[in-house]
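These notes are about the structure you will find just below.
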Amino acid sequence: MQLIRKGVLYTLLSFFGVIGNQSVVLAQQPDVQLYKQLYNYPFVFVSDSVVTTPPVISDSLFDEIARGIRFQVNRTELQKGDPFISLYNDSLVPWLKKHNLILREVFVKGAASPEGPYQNNVRLSCERAKRLIEFLSSNLDQPIANRPTNSKCVTEDYAYLVKLMQKAGDAEYQQVKAIWDASKGDELYCKKKLMALNGGTTWKRLLKVYFPTLRQSRLVLWFAVNPKHAPAARPKLTAAPKLAPMLTPTPQYFRTSHAGLLDIPGIANYVSQPVPVDTPVVKQYTRRHMIALRTNLLHDFLYVPQFGLATGGNIQLEYYPLSGHYTFNAGFTFHNHRHWDSHKFFQTRDVQLEVRRYFKGQGQFLGTYLGAYAQGTVYGIGFSATKGWEGEGGGAGLTIGHTCKLNKKGSLRLEFSLSAGAFVTVYDPYVWGNPINGTIDGLYYYDYHGSTSKFKERNHRFAWFGPTNAGIHLTYDIIYRKKKEVTR
């Protein structure tokens, strides 16, 4: 929107009246010489009493500096603990009264977040704008109803959503912006397309990360020096030719040296220092996993019937991209138990590669996932002097699992999984002693009774279809990146 004046007078809107959407004229360039922005309150501009033309507040500038009150979902009443209420009542209003400043104009914008029925959001955005205007008069002792109010209701503020995503460096910013640009201001069309984007996962993430910021009514205020308290000798403001540009949204600092305002005691302390433009706060998660180390406790503390406890090691590395649904996992399992006196052996080497699709996706990689795996194994297993096997095998299948956080950061996670598929192995049985003549010579032999000239290794084959693996995994991030979340 462009919050500007048409002609000489603004549209007068009482907070008891109806606040509607009105077409506005595109602002060409704001007057950079007449208004001073208070660095303690970046949403407040101050001018001399002789200035009669209000400042031009463009969409981009409004979104940068406006402040206001957040609302709960589907509610229009003020929340007592809102930070803006304390800032306004306890800090700004006493300062304005102390320096005899009077309200000249109010720029206000009410909005609703996109969730919920559209017609209900129309009501919410207008009611929230009214509540903010009503709040202004609660402690100012000035008749807000008699002041020009440049007001707009934005039913579902997708333009501001796009701006917040850009500020946060969101990975899906370009996708959301493209949909909003293609909608050409049609909020219903934009809503439909966003809800379908990436199977609905984007909408769910926006609902959690950005929508709370959109449920607010924001404002920018213009105050002027009360003529009754203005200095007797004060140069005319329009004759200050050397003032640096101040109101463009691109510069990061504002500075003033305007003599008329600086003549007023106390004002100079608030407008003469360079300060950064207040932009949405960017909150950073302390961790965003990129590569994680995982172990399967069922493999580490394996118990095998007829053999006993066969502790081993399982090491997996999982790579997480910056966003999306898919991760890539590589694992290695080994056991190396040799009990010569009881002829028991459990020696395995297994390599497994897996691709996972987490249903939540979008950089979360938590909750339920579905994976596809392939594996290769070599083994030597013996339960007694007459029962042993060695061979190689391979297989493939699907895994379903669920991952949950064990600490607040999410760097330590617990996972449960179950795999099913096909496993095919070629092997040979072996025994202790010569199987032909029964001689116990201290050696192991293949359990083969045919002609030695016809003997071939791995002449046995076995195929299995069904459950192939189970896991209780512990996962810890060893390489991580920062992830940003925008707040306001």
Side-chain angles (χ1 to χ4, degrees), residues 293-317 329-354 373-397 399 401 414-452 454-476:
L293 179 67
R294 177 184 296 110
T295 186
N296 187 341
L297 299 179
L298 296 186
H299 288 182
D300 297 335
F301 302 98
L302 181 66
Y303 179 84
V304 180
Q306 302 184 53
F307 182 86
L309 185 64
T311 56
N314 172 255
I315 300 174
Q316 303 173 50
L317 291 176
N329 186 69
F332 177 67
T333 304
F334 61 93
H335 298 85
N336 192 34
H337 293 273
R338 295 171 292 179
H339 305 297
W340 303 105
D341 53 344
S342 58
H343 308 292
K344 288 188 175 183
F345 305 94
F346 197 83
Q347 297 172 284
T348 65
R349 305 290 186 270
D350 180 89
V351 176
Q352 180 171 307
L353 300 177
E354 183 181 38
Y373 74 89
Q375 69 176 120
T377 304
V378 295
Y379 60 88
I381 300 174
F383 291 156
S384 67
T386 59
K387 188 183 292 185
W389 308 267
E390 69 172 24
E392 300 83 37
T399 300
L414 179 66
E415 175 188 313
F416 302 91
S417 67
L418 180 64
S419 301
F423 182 80
V424 178
T425 179
V426 290
Y427 68 96
D428 285 306
Y430 66 85
V431 294
W432 169 253
N434 192 315
I436 303 298
N437 55 28
T439 301
I440 303 301
D441 55 5
L443 300 175
Y444 288 91
Y445 293 84
Y446 289 121
D447 191 4
Y448 175 77
H449 298 270
S451 171
T452 55
K454 296 181 179 181
F455 174 75
K456 295 181 179 180
E457 287 188 344
R458 308 299 184 252
N459 54 18
H460 294 264
R461 179 183 294 269
F462 176 77
W464 165 262
F465 299 91
T468 55
N469 199 2
I472 301 176
H473 308 265
L474 283 178
T475 302
Y476 186 76

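- Put simply, the side chain of Leu297 reaches to within 4.5 Å of the side chain of Leu474, judged on heavy atoms.
- Within the structure, salt bridge (charged side-chain N to carboxylate O under 4.0 Å, His left out) pairs that include any residue of residues 334-352 do not occur (at least two apart or interchain).
- When all heavy atoms of Thr348 and Tyr379 are compared, the closest pair comes out as CG2-CB, 4.1 Å.
- The two residues Ala330 and Leu353 come nearest to each other via the heavy atoms CB-CD2, 3.7 Å.
- Aromatic ring centres of Tyr444 and Trp432: separated by under 6.0 Å.
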Report task. Using the side-chain contact (heavy atoms from CB on, under 4.5 Å) rule, take Phe423 and Thr377 through it: C-alpha gap first, then chi angles, then the decisive distance, then the call. Result -> CA-CA 10 Å; Phe423 182 80; Thr377 304; 4.1 Å; yes

Report task. Step by step, work out the side-chain hydrogen bond (donor to acceptor under 3.5 Å, both in side chains) result for Arg294 and Asn329. Result -> CA-CA 10 Å; Arg294 177 184 296 110; Asn329 186 69; 2.9 Å; yes

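- A distance-only check finds no donor-acceptor pair linking the side chain of Asn296 to the backbone of His473 [under 3.5 Å].
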Report task. List the steps and the verdict of side-chain contact (heavy atoms from CB on, under 4.5 Å) for Val304 and Phe383. Result -> CA-CA 10 Å; Val304 180; Phe383 291 156; 4.0 Å; yes

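- Between Gln375 and Asn469, the closest side-chain pair of non-hydrogen atoms is not below 4.5 Å.
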Query - Residue pair Leu317, Leu293: steps toward the side-chain contact (heavy atoms from CB on, under 4.5 Å) verdict - result: CA-CA 5 Å; Leu317 291 176; Leu293 179 67; 3.8 Å; yes

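- Taking all atoms of both residues into account, the shortest heavy-atom contact from Ser417 to Thr399 is CB-CG2, 3.9 Å.
- Phe462 has its side chain out of reach of Val426: every pair of non-hydrogen atoms, C-beta onward, lies at least 4.5 Å apart.
- Taking a 6.0 Å sphere around CZ of Phe301, one finds it holds 12 or fewer heavy atoms contributed by other residues, nucleotides or ligands.
- Taking every heavy atom of both residues into account, Asp441 and Gly433 meet most closely at OD1-CA, 4.2 Å.
- Taking both residues in full, the closest heavy atoms of Val351 and Phe332 are given as CG2-CD1, 3.8 Å, listed atom of the first, atom of the second, then distance.
- Put simply, the residue from His337, His339, His335 that forms a ring-ring contact (aromatic ring centres under 6.0 Å, His included) with Phe346 is His335.
- Between Tyr430 and Tyr445, the closest side-chain pair of non-hydrogen atoms is not below 4.5 Å.
- Between Arg461 and Val424 there is a side-chain heavy-atom pair separated by less than 4.5 Å.
- Annotation: Trp340 is in aromatic contact with Phe345 [ring centroid separation under 6.0 Å].
- Pairs of residues two or more places apart, or lying in two chains, that qualify as salt bridge (charged side-chain N to carboxylate O under 4.0 Å, His left out) and include a residue from residues 373-397 are Glu390-Arg458, Glu392-Arg458.
- Residues Lys456 and Tyr448 are not in side-chain contact: their nearest non-hydrogen atoms beyond the backbone lie 4.5 Å or more apart.
- Asp428 places a side-chain heavy atom less than 4.5 Å from the side chain of Asn459.
- Side chain of Tyr446 to main chain of His449: no donor-acceptor pair is present (N/O by atom type, distance under 3.5 Å, no hydrogens or angles).
- Of the N and O atoms on the side chains of Gln316 and Asn314, at least one donor lies less than 3.5 Å from an acceptor on the other residue.
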